[in-house]
Structures are given as structure tokens and as C-alpha cells.
Amino acid sequence: MKAQQQRAAILCSCCGQVDLTEVEEALQSRDIFCWRHDGLCTEDGTEFIAGRMAGANLEGVLICACADEDKARLWRRTAAAEDVQPIMTSVIGLRDLPPDVRRREVLMAAAYQKNMLPVSVREAVSVPQKVLVLGSSAAGLRAVIDLAEAGYDVTVADEEELARRALSHLPPDLSGHNDVCALRDRVAESDRVCVRAPVQVTGIEGQVGGFAATFAHADGHSSADRFGAIVLAPGCEPVQRGEFLGVDVGAEVVPVSQFDDAMAREEGLSVLAGVRPHQVAFVVPSDATDTEVPFMSAVRAARRTRRVLNADVYLLCNDAKVTASGMERAYRDLRDDGVTVIRFDEETLSLEEADVPHTYTDPGEMAHPLTLRFAGEDLDGAGGAGSWELPCDRVFVADQLRLSRMGERLADLLELRRGADGFLGDDNIFQLPVDTNRRGIFVVGSAGRPKTAEAGRVDAANAVLSVQDLLGGGVMTVDHAAAIVQGEKCALCLTCIRSCPHTAISVDEDEGAAVVHREACQGCGICAGECPADAIQLEGYSDDSFAAALDVLRGVQ
Amino acid sequence: MTTGELRTSVIAFCCENSALQAVEDARHFGMTMPECVQTIRVPCAGKVEEDHILKALESGAAGVVLFACHTENCQYLQGNVRAEKRLTRLRGLLDEIGYPADAVLYASAAPAEAARAARILRTFADDLASVDREEAIEQ
Amino acid sequence: MIVAERKAISDILQMIEGAGRVLVVGCGTCVTVCLAGGEKEVAVCASLLRLQNQGEDRDLTVAEATIERQCEWEFARELDELVPDCDAIVSLACGAGVQTLAAQFEDTPVFPGLNTQFIGIPEEQGVWTEHCLACGECVLDKTGGICPIARCAKTILNGPCGGSQDGKCEINPETDCAWQLIFDRLKRLGRLHMLEEIEPPKNWSHSSDGGPRKVKREDMIL
Ligand code: SF4
Ligand code: SF4
Ligand code: SF4
Ligand code: SF4
């Protein structure tokens with residue numbers, strides 16, 4: 001403790017443009033010493049500040065001048081050189097404030113300085129130039145390649161063989177089979193990429209700049225590595241349908257994903273089990289219209305069926321989603337190919353199966369074992385309630401999509417927030433396009449929410465930018481944590497750990513208290529808001545500063 | 001603690017990512033704003049603790065507004081959700097002691113919504129004033 | 001841990017009626033963890049008392065303090081200097097804490113600000129459930145680590161009763177049937193045979209039925 005510490009203010013009159021009398025009086029009445037200058041923004045100004053502070057043994061200094069960020073930083077450093085804590089150095093501009101609020105703002109700034117907590121200074125820490133990509137959806141593979149090209153060492157890990165999911169469930173990313181294969185081959189060839197697949201991710205500890213991951217390999221051995229950042233790309237998968245409109249899913253009622261699967265394996269239209277159907281319906285029920293992806297898959301499959309089989313193909317879709325990009329075009333293509341599009345109301349649609357399962361004897365036989373029935377007003381044109389029937393040989397149902405199991409496991413492991421629909425992407429605008437609630441963990445492709453290949457590519461590019469932003473050239477600048485736990489007050493109730501939206505707090509076993517990780521803390525103060533022991537203070541917004549602010553407001557009235 | 005000096009005033013805890021900007025703009029553009037509004041800058045509405053709000057009332061503020069970001073627009077994801085829940089509980093507590101719960105309000109605004117912020121504050125201040133009047137008439 | 005819940009402020013107001021200087025005391029251990037009586041709740045409670053008093057004629061000052069554990073003499077003594085200045089203490093601790101303060105500060109009325117509920121765990125953040133009744137003779141070894149005393153509405157030792165439905169308790173369909181849980185757990189552990197043993201009536205004299213209990217460790221007595 002230095003003896004007799006004082007606080008001072010250095011005020012700039014901006015060549016007489018700012019009347020400082022009132023401000024000065026107010027500060028002096030609070031025992032804050034004032035120096036004046038009439039142009040702090042000049043070279044001379046900085047010298048003036050340094051000169052006044054030199055040896056003044058100040059506890060805090062308030063600099064009132066219209067400084068830009070760089071100037072403000074320079075002055076804070078000048079103050080730090082005189083042993084004034086950075087947070088005790090406030091810089092506020094007065095010139096642009098209306099005269100009647102100047103006094104209040106200055107007093108507020110002074111109040112906020114009071115009773116601040118000592119903190120460390122910003123520092124640059126070196127971080128591994130290594131990125132872990134988890135999962136190998138098409139967008140993930142793209143990210144692997146882009147990251148490697150950007151100069152990072154990339155490890156890509158998947159629970160299955162590389163790109164297996166991307167290849168077997170093509171619809172989610174809507175990437176062509178060949179595209180995915182080409183990406184996969186490029187990943188395998190790159191000498192900047194380490195492939196770990198199939199592998200289980202058994203743990204990921206630590207925070208951005210130093211994620212420590214452990215893997216359990218298929219052959220029983222385990223390995224570990226450290227990464228600066230993580231990109232998640234586990235993709236999505238179709239929800240298994242047991243039945244559709246009361247008819248069991250099987251040979252005749254088939255999910256579109258199975259159609260795609262068969263196409264991907266180049267088994268042709270084998271899902272049609274040898275028959276040459278004459279009437280085929282593709283149905284996009286409302287549970288598959290959260291994103292345009294299942295619809296687009298159905299469109300693609302319908303067109304293909306129409307072209308290859310020359311059958312009568314119908315596409316039944318719900319009114320729910322028509323605005324997504326490319327939708328209009330899709331309708332046009334369907335029409336051009338001769339697919340009949342029918343808008344239907346889910347409530348009125350029913351499906352019936354012929355009582356006796358039909359065995360086809362002749363591949364060309366027409367049986368129409370299924371009947372789709374629409375009920376509604378005036379379907380018969382006579383004004384009464386009626387119904388209209390569409391007999392068909394096959395009904396393909398668009399898939400409802402969900403985050404893949406691997407994605408779910410990763411979300412749990414990494415304590416990630418999931419959106420209302422269960423995907424890793426959030427509706428929160430601050431997380432768009434690829435952020436998650438944790439700093440240094442990004443999500444690309446359909447794990448964020450089902451998206452097209454093009455959108456996945458954009459994700460990958462964004463993820464690379466974000467990684468570069470964060471890891472830079474191997475140096476990450478970290479501030480002190482904005483939130484500070486006063487260990488002796490902490491009851492380890494875990495409330496802050498559970499409620500920090502950024503998973504920035506953990507238990508420090510040695511201290512017996514919660515500890516905030518500075519690299520992950522984003523300074524929201526939610527933890528401080530929740531702590532039942534009042535054991536967390538937030539830099540710049542301590543409890544005392546609120547009390548002081550209230551005092552000022554009372555005084556100013 | 002001295003009371004009374006803030007009697008006619010409204011303290012608005014404003015999230016610095018949204019509402020603070022809106023309120024400042026409203027002032028800047030000269031929109032009709034109740035004279036009595038004083039803002040306190042907070043990093044996120046989720047930082048504001050029950051006791052800060054209560055202390056503001058104790059200091060004599062006629063009302064307190066907790067001004068947050070819109071749903072799904074919190075930079076810190078959960079701050080506005082936490083703030084709203086906390087405020088709901090607080091209103092219950094005020095009710096328990098027979099203090100008008102309407103003296104505290106949760107509201108949201110985007111940074112660009114100066115007019116909305118001004119309107120919320122105007123309505124709030126007017127409502128407070130009319131409650132005061134009723135009380136005055138009763139007595 | 002001990003789980004408690006704040007009493008209605010109106011109850012607290014009634015208790016402190018007539019007192020001009022009130023000290024609200026929190027406890028930094030169990031009730032901080034269950035969010036009922038830590039430093040923040042003390043601040044909230046004190047503020048509410050002061051606010052309520054605004055506009056009333058009487059003078060009321062409310063002081064605040066929170067100590068590490070109210071159920072320890074040493075910590076309670078930290079209040080020595082504050083207590084003489086007050087007419088009443090509102091303790092935001094469990095019953096043990098309230099009584100410790102009452103014993104420590106004989107001349108000052110000490111009022112409970114909380115209703116002590118049970119020994120339990122946080123099911124999730126903000127939700128606590130009862131897990132132990134402190135019966136004095138633990139039977140968890142026989143019941144797969146699930147307490148029938150605290151978690152079975154009827155405290156049945158040879159359950160379940162006929163009211164167990166779909167794994168839920170007939171007293172409250174939101175509560176899991178403890179005996180269903182016990183059965184499931186023992187099955188999982190491959191120890192279902194343990195249920196074949198009939199558990200004889202419990203000796204409740206080890207519990208509070210035997211009068212106030214006392215635990216001694218001779219070697220630790222100084
Ligand atoms: S909320 Fe407070 S008391 Fe609880 S663990 Fe965090 S710092 Fe400790
Ligand atoms: S300030 Fe926000 S981000 Fe930082 S530790 Fe607290 S809750 Fe987490
Ligand atoms: S007084 Fe009660 S609440 Fe506090 S530590 Fe003791 S047992 Fe726990
Ligand atoms: S058997 Fe008794 S001591 Fe054991 S958990 Fe149940 S109530 Fe507690």
C-alpha cells in the first residue's frame with residue numbers, strides 16, 4: 001500500500017470549446033485533484049499527462065478528452081507506467097456531450113473508478129496453430145481443406161470413416177456424391193491434415209487457445225493433442241420414421257433419404273424393388289419443412305424419377321415454406337420436367353394401403369397398392385364436401401432432419417447450447433453465421449441447421465476467418481477476465497458455473513472456489529448477477545460502482 | 001439513507017449493447033422523453049441484481065426500468081432471459097410487501113429503436129405519475 | 001445439504017414488529033448454496049424491509065451481515081459488535097443457525113427468516129428434492145442407494161405399496177415411486193434377491209422419536 005494516494009483528473013478544454021468550471025468544481029468537491037490543458041490530443045498533450053502523473057503517486061486518474069481508441073490506450077499505458085491500474089484510468093470525451101450532461105458523466109466516470117478491483121493487464125499468449133475439425137460433413141471437409149490452405153495444422157476426427165455420413169445421407173448438404181469424394185481425397189492427401197477416423201472423442205478440456213482433446217481409437221489405444229480452436233461439422237441425419245399417415249414405412253412407403261442413399265451407392269432406382277411404377281408420389285409433410293433442405297431433396301428425387309422412369313410423378317407439399325431461396329426455381333424445374341405439384345393441407349390428407357399386400361410378378365405390372373386421399377370442400381366441383389384420390393405405387397416421404405448423434409454427443413461434451421430445434425446453430429444473431437456459445441468453437445454445415453452445399457461452403461469460409469481472427473499468427477491477445485471471483489466469499493454453489501452462457505467458469509480445486517477463465521469470459525456479468533454469495537465482481541461494474549452511481553444521480557438531482 | 005431526492009425520477013438500467021444507445025439517441029434527436037429518466041450503463045441486463053434495483057427504489061426512485069435486448073438478440077445469449085426472470089420474481093417480492101410492483105419494469109429495445117425506447121419510458125413515467133395521483137386522491 | 005426457503009416477507013414483518021433496528025444475518029454455507037440465505041438474499045431481504053417501511057411513521061434501520069456458518073459459535077461471535085445495536089435479528093439460516101444465534105445472543109430476539117425444508121440435492125439449477133430424513137440408522141445398503149424413508153411418501157420399508165403406478169407415486173404423480181427406483185437399481189446391480197428379505201420394523205428411537213439426539217466423538221473432545 002502506498003501512502004496518501006490521491007485521485008486526479010486531467011481535463012482538456014479543447015482550445016476553450018469546453019467550459020470546465022462546473023466539472024472542475026464537482027470533481028474538487030469529491031477530493032479529485034484537477035489539471036487543465038487546452039489540447040490533450042496534441043503531442044504535447046501526452047507529454048503533459050506523463051509529466052503530471054510522474055511521481056504523483058496517484059491511485060486513479062480520469063482523463064477528459066476526446067481521444068480515439070489508440071490515444072486512449074496510449075494514455076492508459078502512460079498511466080500504467082506510473083503504477084496507476086488500467087481500470088483506474090478512465091478516458092472520456094467531453095466536447096461532444098451537451099453541456100448539461102458533462103458534469104454528470106464526469107462524476108459517473110469518477111464513481112465507476114472507485115473501489116475497482118486490481119486486475120492484470122492484457123497480454124499476448126502463444127497458442128497452437130492447430131485446429132480440430134470434429135465430424136466430416138461436406139462442409140466440414142471443406143473447412144479442413146480451407147484451414148490447411150490457410151496454414152493451420154488440421155486434425156479431422158470422426159466417429160465413423162471419413163465422410164461416411166456425408167456420402168450416405170447426401171440430402172443434408174445436398175452435395176453431389178462426386179464432390180464429397182473429391183473433398184475426401186484431397187483431405188487424405190494433404191500433408192497438413194491428420195485424419196483420426198473412426199475414433200471416439202473422449203474428452204475436451206480447457207478453453208480457446210488450449211483445448212486438450214483425448215481420443216479413443218478403434219484398436220483400443222488412446223491419444224491426446226492440443227488445439228487452438230475447434231470446428232464442429234458432424235452434420236445432421238434423418239429422423240427414422242416408423243409410419244406415415246398410419247401406414248408402416250417399408251417397401252411401399254419410403255423415406256426420401258433411402259432413395260438418396262441408393263442413388264449415392266449407385267444402385268440406381270433399386271428402392272423401387274424391381275417394379276416399374278407408373279404413379280409415384282413424393283410428399284413433403286410439415287415436420288420436414290423447417291428448412292428447405294428436405295424439400296429440395298424431394299424435388300431432386302422427384303425430377304430424377306420422372307426423367308429415368310418416365311412415370312407419373314406428383315410432388316405434394318405443404319404451404320408452410322415457399323420463400324427460401326431457390327424455391328421458385330425448383331417449382332419451375334419441376335413443371336418443366338413434367339412433375340405435377342400439388343399443394344395440400346396436412347389435415348385433409350390420408351393414406352390407404354390395399355388390404356392384401358401385393359406381390360409383383362411382372363416387373364411392368366401396375367398395381368397401385370396405395371391410395372392418397374385428399375378430403376375437402378368442393379373437391380368434386382359441386383360445392384359439397386368431397387374427396388379426391390391419387391392411387392400410387394410408391395409414396396416417398398421427405399425426411400425430418402435432426403442433429404446427428406455425434407453432434408449430440410459433442411454438444412454434451414462441450415457444453416454447447418442448442419437451438420430450439422436441437423441443432424447447434426442458434427437463432428441469436430450474435431452467433432451467426434458460425435459461432436457457438438463458446439469462444440473458439442465454431443459450427444459449420446448442417447449441424448448448425450440443415451443447409452445446402454453452397455451455404456456449407458460459405459460456413460467453411462467463415463469458420464476459417466473466425467479461426468484466423470482468433471489465433472492470428474500464433475499469438476492470441478487475452479485480457480484479464482472481466483469477472484473476478486473473490487475466492488474467500490465463494491461457497492462453490494456452482495450457480496455461476498451453470499449459468500455462464502459461455503462456459504467460462506470452472507471449479508478451482510486448489511483454491512476451493514470458482515475460477516473464471518479469462519480467455520473465454522466475455523464480460524457479460526451474468527455470473528455476478530446470479531452469485532448468491534455476491535462473490536463475483538465485474539470490472540467496471542462492481543457493486544460499489546452501482547452504489548456510487550446512485551449516489552451521483554441523487555446528488556446531481 | 002437520504003430519500004426523497006429522487007422521488008420523481010426513473011432509473012433505467014440500460015444494456016450498453018442495445019437500449020443505452022436507443023435512449024441516448026432518443027435524447028440526441030430531441031424525442032419527447034420524460035425529464036426524470038436517469039440512465040445507468042450496464043454490460044448486460046443479466047448483470048443487474050435484485051438488490052441493485054431495490055437500492056434504486058430505496059434511494060427514492062419512483063420507478064426502475066431494466067432495459068435489455070430483444071429476445072434472441074442478447075449478445076450474451078441468456079442475459080435478457082435471466083433479467084426478465086429475475087424481474088418477475090422481484091415484482092412478486094414487491095407485491096408481498098405491498099409496494100406497487102408496477103414500479104419496476106422489464107423492457108427491451110434494439111439499439112436503433114430510439115423512438116420505441118422513448119415511448120416505453122414515456123408510458124412508464126406517465127403510469128407512475130397516474131398511480132401517484134390516485135394515491136394522492138385516496139389520501 | 002440443508003435446503004431452505006425464504007418465509008413470506010409479511011411473516012418476517014410481523015415478527016419484527018416494534019423493532020426499530022433489525023439485523024438480517026445470512027449464512028455462507030448450505031443456504032447460500034440453495035439460494036435462500038446468502039449475502040445476496042440478505043441484501044434483498046433487508047432492502048424489502050426498508051422499502052416496506054418507507055412511508056410508515058416509525059424509524060427502521062436494517063443492517064446486514066453474512067457469516068461463514070451460522071451453526072458455529074466462532075462464526076456467530078463475529079456478530080458480537082453488531083448485535084448490541086439492534087432490537088431484533090432475522091436469521092436467514094436453517095433452524096440450527098437460528099438457534100445458534102439465539103443461544104449466542106440471549107438478550108436479543110432471533111427470528112427465522114427461512115423455513116428449513118430438508119436434506120436434499122439440487123435436482124437441477126433452481127429445483128431441490130428431499131433425499132434424507134436423518135433417521136439415524138441408514139438403510140441405503142439394502143435399498144440400492146435410494147432412501148425409502150425420505151423418498152417414499154409412506155416411508156414403507158418393504159415396498160412398493162399398491163399405489164405405485166407407472167413408476168410414479170400415488171400421493172403425487174410428479175414424484176417417482178421410490179420403490180420402483182429401488183427395484184430398478186437393484187435389478188441393474190444384479191441384487192434383486194435382496195428384496196426377498198423382509199425388513200423388520202425400524203427402530204425409530206435412533207431418529208427424532210428417541211428425543212433430541214447427540215453425537216459424540218470422545219477422542220475429539222478437548
Ligand atoms: S456463484 Fe458465487 S458462490 Fe457460487 S460458485 Fe460461483 S462464485 Fe462461488
Ligand atoms: S462475465 Fe459472463 S462470460 Fe464472463 S464468466 Fe461471467 S457469465 Fe461467464
Ligand atoms: S447454519 Fe444451517 S445452513 Fe448454515 S451452515 Fe449450518 S447447517 Fe448449513
Ligand atoms: S435411511 Fe435414514 S439416514 Fe439413510 S438416507 Fe434415508 S433417512 Fe437418511
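Atoms considered below: every heavy atom in the structure, side chains included; atoms not considered: hydrogens, waters and symmetry mates. Numbers restart at 1 for each chain; the letters A, B, ... are given by sequence-line order, proteins then strands. These figures come from a predicted structure and were not determined experimentally.
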Region of A/Glu530 that comes under 4.5 Å of a non-hydrogen atom in chain B: both
Which portion of A/Asp534 sits near chain B, non-hydrogen atoms under 4.5 angstrom: side chain
Pairs touching residues 50-69 of chain B that satisfy ring pair (Phe, Tyr, Trp, His ring centres under 6.0 Å), sequence neighbours left out: A/Phe546-B/His52
Shortest non-hydrogen separation from B/Tyr76 to A/His502 and the atoms involved: CD2-CE1, 3.5 Å
For A/Gly523 against B/Pro43, the heavy-atom pair lying closest together: O-CB, 3.7 Å
Which atoms of B/Asp51 approach chain A - backbone, side chain, both or neither, heavy atom under 4.5 Å: side chain
Residue pair B/Lys47 / A/Ile526, side-chain heavy-atom distance below 4.5 Å: no
From CG (A/Leu550) to CD1 (B/Ile40), nearest 0.5 Å: 4.5 Å
Main-chain N/O of B/Cys74 paired to A/Asn428 side chain as donor or acceptor, under 3.5 Å: yes
Closest-packed option against chain A by number of heavy-atom pairs under 4.5 Å, given [options]:
| options | answer |
| --- | --- |
| B/Ala45, B/Cys44, B/Ala83, B/Gly79 | B/Cys44 |
| B/His28, B/Glu49, B/Arg27 | B/Glu49 |
| B/Arg86, B/Gln78, B/Arg82, B/Glu16 | B/Arg86 |

